[in-house]
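All remarks here apply to the structure that follows.
Order of listing sets the numbers, starting from 1, for every ligand and every atom in it. Values in this document were obtained by computation on a predicted structure and should not be read as measured data.
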Amino acid sequence: MIAVMQPSATAEEVEHVVEVLRLHNLKAQISQGEERTVIGVIGTGFPDDLLETLEVLPGVDRVTRITRPYKLASRDFRPANTVVEAGGQRIGGTEFVVMAGPCSVESREQLVRTARGVAGSGASFLRGGAFKPRTSPYAFQGLGIDGLNLLEEGRRLTGLPIITEVMEPAQVERVAETADVLQIGARNMQNFPLLKEIGRSPKPCMLKRGLSATIEEWLMAAEYIMHHGNPNVVLCERGIRTFETATRNTLDLSAIPLVKRLSHLPVIADPSHGTGHRYLVQPMALAAAAAGADGLIVEVHPEPDSALSDGPQSLTLEGFDQLMQTLERVLAAIGRPLAMPHARLRAASV
Ligand code: PEP
Ligand code: MN
């Protein structure tokens with residue numbers, strides 16, 4: 001249930017609604033919009049006449065039941081878009097962000113070359129996995145802490161903030177020391193202990209859609225993080241498993257405008273995992289931008305053919321540069337500027 005206050009409601013009237021909820025053993029989650037305050041009612045066992053009770057309180061405009069199971073993540077609760085601030089960047093604002101880098105951090109040379117290359121082409125974040133969730137226990141598992149240190153070096157050299165995956169609750173604090181954004185991988189979308197731990201962290205996070213997750217399950221996973229105290233959640237559509245085997249996954253482009261309708265959280269598209277093929281990355285990246293995504297996460301490798309993970313879907317540095325040039329034209333057509341052009345200037349001077 002949410003109570004929407006009148007534009008003229010005073011702080012005392014808002015506090016009074018909160019107090020009434022407290023008397024019913026319910027919690028209030030306050031969302032301060034530009035014009036109005038919206039109070040979300042959190043708890044179980046609402047009295048039957050709660051709606052009527054709240055509706056007549058001074059300053060209350062209307063009270064509505066939220067029938068969806070997610071509340072904090074819902075646009076009913078927060079009509080305005082959430083803008084997540086991370087590493088000096090804004091995700092979900094007018095500016096379009098591009099996160100780029102290797103699937104896995106492999107070596108200093110590989111990471112530094114990639115970081116400089118993607119910064120020079122206009123990326124706004126450096127991505128790279130240090131802790132890797134691999135299907136096979138025999139596959140490269142990532143450099144771990146050494147990988148985090150290399151990412152820090154990449155940030156120092158280019159000024160790009162870092163996004164990297166964290167797989168276990170016990171690692172959250174350590175990874176958060178380095179990362180500007182914590183990535184929750186598709187395989188961990190419903191790792192509830194991990195979601196709760198990230199919920200207790202103030203660090204922004206990006207929640208990838210699970211391999212076979214419905215949109216509701218995905219938003220419920222976001223709700224877990226927000227319910228535990230972290231409102232800085234970015235969603236990432238990275239393709240889902242369907243009957244189709246010609247692509248690695250089916251990038252669900254319709255999920256982008258749909259989730260933006262259901263939720264106020266920013267949505268990023270991952271055309272690399274979403275397709276699995278380098279030649280499909282650019283067309284899907286452009287389509288995702290046109291469909292209203294707030295940004296992209298793209299795998300880039302200086303020598304994809306020798307990559308230790310996800311080489312076939314990784315763009316070369318030249319391929320990424322070409323994508324960025326075309327992307328700017330699509331963004332111009334939909335009236336969205338690319339984030340942080342100064343990264344380019346910075347990269348040019350290193
Ligand atoms: C990745 O970003 O490299 C990754 C493992 O992605 P996902 O969790 O979407 O498979
Ligand atoms: Mn990958």
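At a threshold of 4.0 Å, the pair R22-E15 counts as salt-bridged, since one of the basic side-chain nitrogens sits closer than that to a carboxylate oxygen. With salt bridges taken as basic N to acidic carboxylate O contacts below 4.0 Å, none links E216 and R68. The pair R248-D310 meets the salt-bridge criterion, with a side-chain N (NZ, NE, NH1 or NH2) lying under 4.0 Å from an Asp/Glu carboxylate O.
Heavy-atom separations between G129 and ligand 1 are all 4.0 Å or longer. Under the 4.0 angstrom criterion for non-hydrogen atoms, E299 is in contact with ligand 1.
For the pair L327 and F96, the tightest heavy-atom approach, listed with the atom from each and the gap, is CD2-CE2, 3.8 Å. In terms of heavy atoms, R278 sits closest to P304 at NH2-CB, 3.4 Å.
H273 NE2, 3.4 Å is the protein heavy atom nearest to atom 4 (C) of ligand 1. For atom 9 (O) of ligand 1, the nearest protein heavy atom (residue, atom name, distance) is R238 NE, 2.6 Å. The nearest protein atom to atom 6 (O) of ligand 1, hydrogens excluded, is given as K208 NZ, 3.0 Å; this is a heavy-atom distance. Taking atom 8 (O) of ligand 1 as the reference point, the nearest protein heavy-atom neighbour is A186 N, 2.7 Å.
Shown here is R241, whose CZ atom has no more than 12 heavy atoms of other residues, nucleotides or ligands within 6.0 Å. The number of heavy-atom neighbours closer than 6.0 Å to CG of D49, taken from other residues, nucleotides and ligands shown, is above 12.
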Is there a side-chain hydrogen bond (donor to acceptor under 3.5 Å, both in side chains) between H228 and E197? Walk through the geometry before answering. CA-CA 8 Å; H228 283 83; E197 191 61 27; over 6 Å; no
With salt bridge (charged side-chain N to carboxylate O under 4.0 Å, His left out) as the criterion, how do E109 and R113 come out once you've worked through the C-alpha distance, each side chain's angles and the decisive distance to 0.1 Å? CA-CA 6 Å; E109 202 252 331; R113 249 176 98 188; 3.5 Å; yes
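Atoms of ligand 1 found under 4.0 Å from any heavy atom of R187 (numbered from 1 in listed order, with element): 7 (P), 8 (O), 10 (O). Those atoms of ligand 1 that come under 4.0 Å of a heavy atom in R127, given as number and element, are 1 (C), 2 (O), 3 (O). Atoms of ligand 1 lying under 4.0 Å from any heavy atom of C103, numbered from 1 in the order shown and given with element: 3 (O). Taking every non-hydrogen atom of G185 and a distance limit under 4.0 Å, the qualifying atoms of ligand 1 come out as 8 (O).
Remark: ligand 1 and D310 share no N or O pair separated by less than 3.5 Å (distance only, no angle test). Here's the thing with Q183: one of its N/O atoms is less than 3.5 angstrom from an N/O atom of ligand 1.
For R174 (side chain) and I145 (main-chain N/O), no donor-acceptor pair under 3.5 Å exists by modelled atom type. Between the side chain of D294 and the backbone N or O of I268, no donor-acceptor pair lies under 3.5 Å.
Side chains of D321 and Q325: a donor-acceptor N/O pair is present below 3.5 angstrom, by distance only.
Here the protein contributes C103 SG, H273 NE2, E299 OE2, D310 OD2 as N, O or S atoms under 2.8 Å from the Mn ion (ligand 2).
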